[in-house]
2 protein chains.
Amino acid sequence: MRENVDTRTRIQQVALELFTEQGYEGTSLREIAERLGVTKAALYYHFKTKEDIVGSLVQDRIAAIQRLIAWGREQPRTVGTRRELIRRYSADLHDGRHHEIMRFFERNQTALRNQPKGEMMRDRMLDLLDLLRDEDAPLTVQLKCSLAIFALHATWFVFRESGITDADRQRAALEVALELVGVSEDLVGENSGNPSVTLR
Amino acid sequence: MRENVDTRTRIQQVALELFTEQGYEGTSLREIAERLGVTKAALYYHFKTKEDIVGSLVQDRIAAIQRLIAWGREQPRTVGTRRELIRRYSADLHDGRHHEIMRFFERNQTALRNQPKGEMMRDRMLDLLDLLRDEDAPLTVQLKCSLAIFALHATWFVFRESGITDADRQRAALEVALELVGVSEDLVGENSGNPSVTLR
DNA sequence: GTCTATAGGAGGATAGAC
DNA sequence: GTCTATCCTCCTATAGAC
């Protein structure tokens, strides 16, 4: 029972790493098993299929983004709300290993397209982008709002192997992202809550 | 000889489409052949391997970006140069089907990682990002410069299925990208050349 | 929980006829 | 240039012993 949980978690860790490095379809269950020192069949005790491993990886993220979107939809569609959405998304991204899941997701868009959980994840991200932009605004403004999410994701890509801490990355990305969604015209509403609260 | 060229081109078109929709590894040569109404073996007359199809797709892009980088490295590292880099990259992207190649490339990062041409493409894009940012500048400024490229690529993702023309997309993306690399402090140098000249 | 063994299929690639 | 036929490899997944 204890090893049960442990092995399951180790499978997830190794799978996430290999899926991100070599791609979902480029990684076989044999490789995962070998790296763990077990056989393929052992994996099937913990996960019904290969897809299920992915499902177990992304389901937490899907739920977190859904919560964020649900919150956002109850707020007024102001710049202040958008800025808070960005703050919460950023905090969540840097909490735990969540950004690693997003990297895996980004790099395997096509492979995950044929999977229920993959499509769900994609749909939620699109919902979030839609929530961030005002469809009546000029295209340039809409694009900048959407780019804010990209900014938060892109830090690891842009500042690769530099001697930069994760905290530095997060700070810079957040600052740029907030700038992209716009300067709040309504500072009263903006700071009414805890600005750096996480999602959970 | 005439059909030779034709079939080769049709293979490239179908392959690009399927690779982009379903992923490189998720698309079999059988699928490509079937859609063209030929057999797998016929593909092997035109391309030595599956990798070779990818190579034929990206090699033009690699060359174009290399030319752009070569040009950029000869210029002073000013905001004006960066703005011109963005303009040229944007013009090139919208000339022909180049942005479709980039979409394919973005969506298949992991799969292309094991291929020589894929890595070359990736390295050139990283070179371009490095050329656009000043390593001594604050992280936020560097991030914004890099994001400019993302802005040019992201338009199709952000404004999906809207009734927006490609020209509108390009215009908005270019405006945002130019804003991200910074306002030119040196307007004299900036407009010395033809501002919308393409790469070739 | 993990193993051996294997089913069952699909994929990339090649040989050789036409 | 395109076809048929085939090889070989690797994959996901399952059955059943320990």
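Proteins get letters first, then strands, A, B, ... in listed order; numbering begins at 1 in each. Computed from a prediction, not measured in an experiment: that's the story for all the values here.
Evaluation of atom-type donor-acceptor distances gives a pair under 3.5 Å for the side chain of B/Lys40 against the base of C/dG12.
To the nearest 0.5 Å, the span separating CG on A/Leu180 from CD on B/Glu179 amounts to 8.5 Å.
Here the C1' atom of nucleotide D/dC11 and the CG atom of A/Leu43 are 13 Å apart, to the nearest Å. Separating the NZ atom of B/Lys50 from the C1' atom of C/dA10 is a distance of 12 Å, rounded to the nearest angstrom. Rounded to whole Å, atom P of C/dG9 lies 19 Å from atom CG of A/Leu29. If you take CD of A/Glu25 and C1' of D/dC10, they are 14 Å apart, rounded to a whole angstrom. Rounded to a whole Å, the CG atom of B/Asp6 is 13 Å from the C1' atom of D/dG1. At whole-Å resolution of the value, CG in A/Leu36 and P in C/dC3 are 10 Å apart. Going from atom CD1 of B/Ile32 over to atom C1' of C/dA13 covers 14 Å, rounded to whole Å. Computed from coordinates, the B/Phe47 CZ to C/dA13 P distance equals 13 Å when rounded to whole Å.
Side-chain contact between B/Val183 and B/Val79: absent, with no pair of heavy atoms (C-beta onward) separated by less than 4.5 Å. The closest side-chain heavy-atom distance from B/Val54 to B/Asn108 is not below 4.5 Å.
An OP1 or OP2 oxygen of D/dC10 is reached within less than 4.0 angstrom by no side-chain nitrogen or oxygen of A/Ser28. Taking 4.0 angstrom as the limit, B/Arg30 places none of its side-chain polar atoms (N or O) nearer than this to OP1 or OP2 of C/dA10. Taking only side-chain nitrogens and oxygens, A/Thr39 comes nearer than 4.0 Å to OP1 or OP2 of C/dC3. Between B/Tyr44 and C/dA13, a side-chain N or O to OP1/OP2 separation shorter than 4.0 Å is present.
Evaluation of the side chain to side chain contact (heavy atoms under 4.5 Å, CB included) rule for B/Glu51 yields B/Tyr24, B/Thr49, B/Gln115, B/Pro116 as partners, not counting sequence neighbours.
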### Task
Go through B/Arg67 and B/Asp92 one step at a time and tell me if the salt bridge (Lys or Arg N to Asp or Glu O under 4.0 Å) criterion holds.
CA-CA 11 Å; B/Arg67 280 196 298 273; B/Asp92 191 43; over 6 Å; no

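Taking the side chain of B/Thr7 as heavy atoms from C-beta on, and the options D/dA15, D/dT12, D/dT2, the nearest nucleotide is D/dT2.
Of the residues near DNA chain D, A/Ala41 and A/Glu31, the one whose nearest nucleotide (by heavy atom distance) lies more toward the 5' end is A/Glu31.
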